[in-house]
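Let me give you the structure first, and then I'll get to my questions.
Sequence positions, counted from 1, serve as the residue numbers for this chain.
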Amino acid sequence: MYNADVVIVGAGPVGCVLANKLSTELNLSCLIIDKRNHIAGNCYDEKNKKGVLYHKYGPHYLRFKNNKIFEYLSNFTEWIPGDYIVKSSIDKKLYPFPINLDTIENFFNVKFKSKNEAIKFINKKKVKIKNPKNSEDFILSKLGYEIYEKFYKNYTIKQWGISPKKLSSNIAGRVPIRFNRNPYYVNEKLKFMPKKGFTKMFEKMISNKKISLSLNTDFFKIRKKIKYNKFLIYTGAPDKFFNYRYGKLNWRSLDFKFKTFKKKYIQKSVQYNYPNDYKFTRKVEIKHVTKQNTPYTVISKEYPKSKGDPYYPIINNENLIKFNKYKKLIDEIENQNIFFEGRLAQYKYFNTDEVIERALNLYKKIKKIKVNIKN
Ligand code: UDP
């Protein structure tokens, strides 16, 4: 039997945060199950045979929109600064990415005396599109054809397997566009990496004795054996939970190819994007952000694919209509004290800090319900 006050499906950030709060603050027994052989979900990092810490499911550049989330995580880890610098490789030349003044100057071979001059230059390139709703129109309306064609178009097609015209503007819109020389990948001022890695941070988060963990355990194989006294928290894909009642949701998945080198560093910065060359989208040398002191380094290449574990929801109208049907079921099932949270369960392109914030908010909601449940 899989029995506890709270059963949590998925040992990723959402599952770990809720287990932590429910066990330490409400003294509830929590059982976390996960079909993988490790905790931390896609934030999982580990040391390879040569002792190099690497991100198994792609780079996680942790940053915080909300200071409170940073404070909460600080209970479980020390930090190192998160200096995430990305370059885009266009015609064999590396450019700063996100697009900034240096990118525009180098790409068009111009030199601006002021920010305004650069804005005027780009204004002439912009395509006039009222209310851009998809990723192609969004970038064309902000930066014009040349930059769109070289930096965005093919990267997006490779990453998502569909035309940027069929993707919400929020997807390409995730990456800032700058008329200054800020080289960092994200805009947030609070950007830090857990000093010993994500896995260690989440291990500490779930170290309370009231929490038990069952790895290599597929929810769908043991579903009937689960008994939760109070709550079930589900962080997986909703379509599977509801037996695909409204059909399959579309997801994008990735393959990673890792290679270890006996070299201090291979790249100049953590990430090189390859919009127009190769089958992979980007090469990541995570050591630039883990800042590990070791004679070895690991490079990972990311190959997008449509089959495999769900990594990214594909946000467009068609998929959102389908998800919204599932969303109704998700809202209804709260009556049975079953809660859906996280990137998969909510079918939203959340960042790590955002899912942690959502998990903390869900905790507050559950706490109110708990007060009303008599033992
Ligand atoms: N993107 C692009 N060119 C790039 C990097 C990103 O066109 O060099 C677009 C692409 O559509 C991508 C989206 O911006 O899916 C978001 O990129 P981000 O780096 O935030 O993706 P993640 O790190 O979440 O995979």
* Do other residues, nucleotides or ligands put more than 12 heavy atoms under 6.0 Å from the NZ atom of Lys47? -> no

* To do: Would you check if there is a donor-acceptor pair between the side chains of Lys65 and Asn187 at a distance under 3.5 Å?
  => no

* To do: State yes or no: are the ring centers of Tyr148 and Phe138 separated by less than 6.0 Å?
  => no

* Starting from the C-alpha separation in whole Å, work towards a yes-or-no answer on ring-ring contact (aromatic ring centres under 6.0 Å, His included) for Tyr152 and Phe97. => CA-CA 11 Å; Tyr152 288 89; Phe97 196 81; 5.7 Å; yes

* **Electrostatic pair Glu136-Lys153, nearest N-O below 4.0 angstrom** => no

* Structure fact -> CG of Asn208 to OG1 of Thr24, rounded to nearest 0.5 Å, is 6.0 Å

* Do the non-hydrogen side-chain atoms of Phe323 and Ile330 ever get within less than 4.5 Å of each other? -> yes

* Measure the CD1-CZ distance between Ile69 and Phe64 for me, rounded to the nearest 0.5 Å. => 8.5 Å

* **ILVMFWY network linking Ile314 to Tyr303, side-chain heavy atoms under 4.5 angstrom** => no

* **Side-chain heavy atoms of Ile226 within contact of Ile33, under 4.5 Å** => yes

* Asked: Under 4.5 Å between any side-chain heavy atoms of Lys262 and Tyr296, yes or no?
  -> yes

* Asked: In terms of hydrophobic clusters joined by side-chain contacts under 4.5 Å, are Tyr274 and Phe258 together?
  -> no

* Is a side-chain donor or acceptor of Asn20 paired with a backbone partner of Cys16 at a separation under 3.5 angstrom? -> no

* Asked: With side chains defined as the heavy atoms from C-beta onward, is the minimum distance between Met193 and Trp79 less than 4.5 Å?
  -> no

* Can a donor-acceptor pair be found between the side chains of Asn48 and Thr260 at a distance below 3.5 Å? -> yes

* Asked: For Asn216 and Asn37, does a side-chain donor sit closer than 3.5 Å to a side-chain acceptor?
  -> no

* **Heavy atoms from other residues, nucleotides or ligands near NZ of Lys125 exceed 12 (cutoff 6.0 Å)** => yes

* **Exceeds 12 heavy-atom contacts within 6.0 angstrom, atom NZ of Lys126** => yes

* Ignoring hydrogens and angles, tell me if any N or O in the side chain of Ser212 forms a donor-acceptor pair with the backbone of Leu31 under 3.5 Å. => no

* To do: For atom CG of Asn317, decide whether the heavy atoms of other residues, nucleotides or ligands shown that lie under 6.0 angstrom number more than 12.
  => no

* To do: Kindly check if the number of other-residue, nucleotide or ligand heavy atoms within 6.0 Å of NZ (Lys210) is above 12?
  => yes

* Please test Phe151 against Phe107 for ring-ring contact (aromatic ring centres under 6.0 Å, His included), starting from the C-alpha separation and ending with a verdict. => CA-CA 11 Å; Phe151 289 82; Phe107 183 68; 5.3 Å; yes

* side chain to side chain contact (heavy atoms under 4.5 Å, CB included) between Phe339 and Lys365, intermediate numbers included -> CA-CA 10 Å; Phe339 297 91; Lys365 182 168 163 181; 4.2 Å; yes

* Structure fact -> side-chain contact (heavy atoms from CB on, under 4.5 Å) with Phe340: of Leu362, Ile333, Asp331, Ile233, only one passes, and it is Ile333

* Transitively linked via ILVMFWY side-chain contacts under 4.5 Å: Ile286 with Leu53? -> no

* Is there side-chain contact between Ile39 and Glu203, with heavy atoms separated by less than 4.5 Å? -> yes

* Compute whether any side-chain donor of one residue and acceptor of the other, for Thr199 and Asp45, lie under 3.5 angstrom apart. => yes

* Asked: Is Lys301 close enough and on-axis enough to Tyr278, meaning under 6.0 Å and within 45°, for cation-pi?
  -> no

* **From His38 atom NE2 to Cys43 atom SG, the distance as rounded to the nearest 0.5 Å** => 10.5 Å

* **Lys287 to Tyr265 six-membered ring, cation-pi geometry met (6.0 Å, 45°)** => yes

* Asked: Do the side chain of Gln159 and the main chain of Pro304 share a donor and acceptor less than 3.5 angstrom apart?
  -> no

* Report yes or no: does Thr103 contribute a side-chain atom to a donor-acceptor pair with the main-chain N or O of Pro96 at less than 3.5 Å? => yes

* Asked: Can Phe198 and His55 be said to form a ring-ring contact (aromatic ring centres under 6.0 Å, His included), step by step?
  -> CA-CA 9 Å; Phe198 284 92; His55 290 191; 5.5 Å; yes

* Heavy-atom donor-acceptor pair, Lys196 side chain to Met201 backbone, under 3.5 Å -> no

* Asked: Is there a side chain to side chain contact (heavy atoms under 4.5 Å, CB included) between Lys327 and Tyr347 once you walk through the steps?
  -> CA-CA 9 Å; Lys327 179 79 176 111; Tyr347 201 67; over 6 Å; no

* To do: Decide if atom CD of Glu25 counts as having more than 12 heavy atoms of other residues, nucleotides or ligands within a radius under 6.0 Å.
  => yes

* **hydrophobic_cluster_shared for Ile315 and Tyr311, side chain cutoff 4.5 Å** => yes

* To do: Quick one: do Ile32 and Asp34 satisfy side chain to side chain contact (heavy atoms under 4.5 Å, CB included)? Show the steps, please.
  => CA-CA 7 Å; Ile32 312 178; Asp34 200 299; 5.5 Å; no

* Can the positive tip of Arg36 be found less than 6.0 Å from the middle of the six-membered ring of Tyr57, inside 45° of the ring normal? -> yes

* **Ser168 (side chain) donor-acceptor with Asn134 (main chain) under 3.5 angstrom** => no

* Asked: Does the side chain of Glu105 reach to within under 4.5 Å of the side chain of Arg181, using non-hydrogen atoms?
  -> yes

* Connected via hydrophobic side-chain network under 4.5 Å: Phe192 and Ile80 -> yes

* Asked: Quick one: does Arg178's side chain have a donor or acceptor within less than 3.5 Å of a partner on Pro176's backbone?
  -> no

* To do: Report, as yes or no, whether the 6.0 Å neighbourhood of atom CZ on Phe220 holds more than 12 heavy atoms from other residues, nucleotides or ligands.
  => yes

* Asked: Got a second to check how far Ile99's CD1 is from Leu143's CG, nearest 0.5 Å?
  -> 6.0 Å

* Atom NZ in Lys257, atom OG in Ser300: separation rounded to 0.5 Å? -> 12.0 Å

* Please confirm whether the backbone N or O of Lys150 pairs with a side-chain atom of Asn276, one donor and one acceptor, at under 3.5 Å? => yes

* Asked: Is NZ or CZ of Arg223 both nearer than 6.0 Å to the six-membered ring centre of Phe241 and within 45° of the ring axis?
  -> yes

* Residues Lys322 and Asp239 bridged, charged N to O under 4.0 Å -> no

* To do: Could you tell me whether the side chain of Asn316 and the main chain of Leu167 form a donor-acceptor pair under 3.5 Å?
  => no

* To do: Give the C-alpha distance, both sets of side-chain angles, the deciding distance and a yes or no for side chain to side chain contact (heavy atoms under 4.5 Å, CB included) between Val186 and Tyr184.
  => CA-CA 6 Å; Val186 300; Tyr184 295 107; 5.7 Å; no

* With side chains defined as the heavy atoms from C-beta onward, is the minimum distance between Pro313 and Arg343 less than 4.5 Å? -> yes

* Asked: Below 4.5 Å, heavy atoms only, C-beta onward: do Tyr185 and Val270 meet side chain to side chain?
  -> no

* For the side chain of Glu285 and the backbone of Gln267, is there at least one donor-acceptor N/O pair under 3.5 Å apart? -> yes

* Salt-bridged, Glu354 to Lys348, with N to O below 4.0 Å? -> no

* Roughly how far, to the nearest 0.5 Å, is the OH atom of Tyr244 from the CG atom of Leu249? -> 9.0 Å

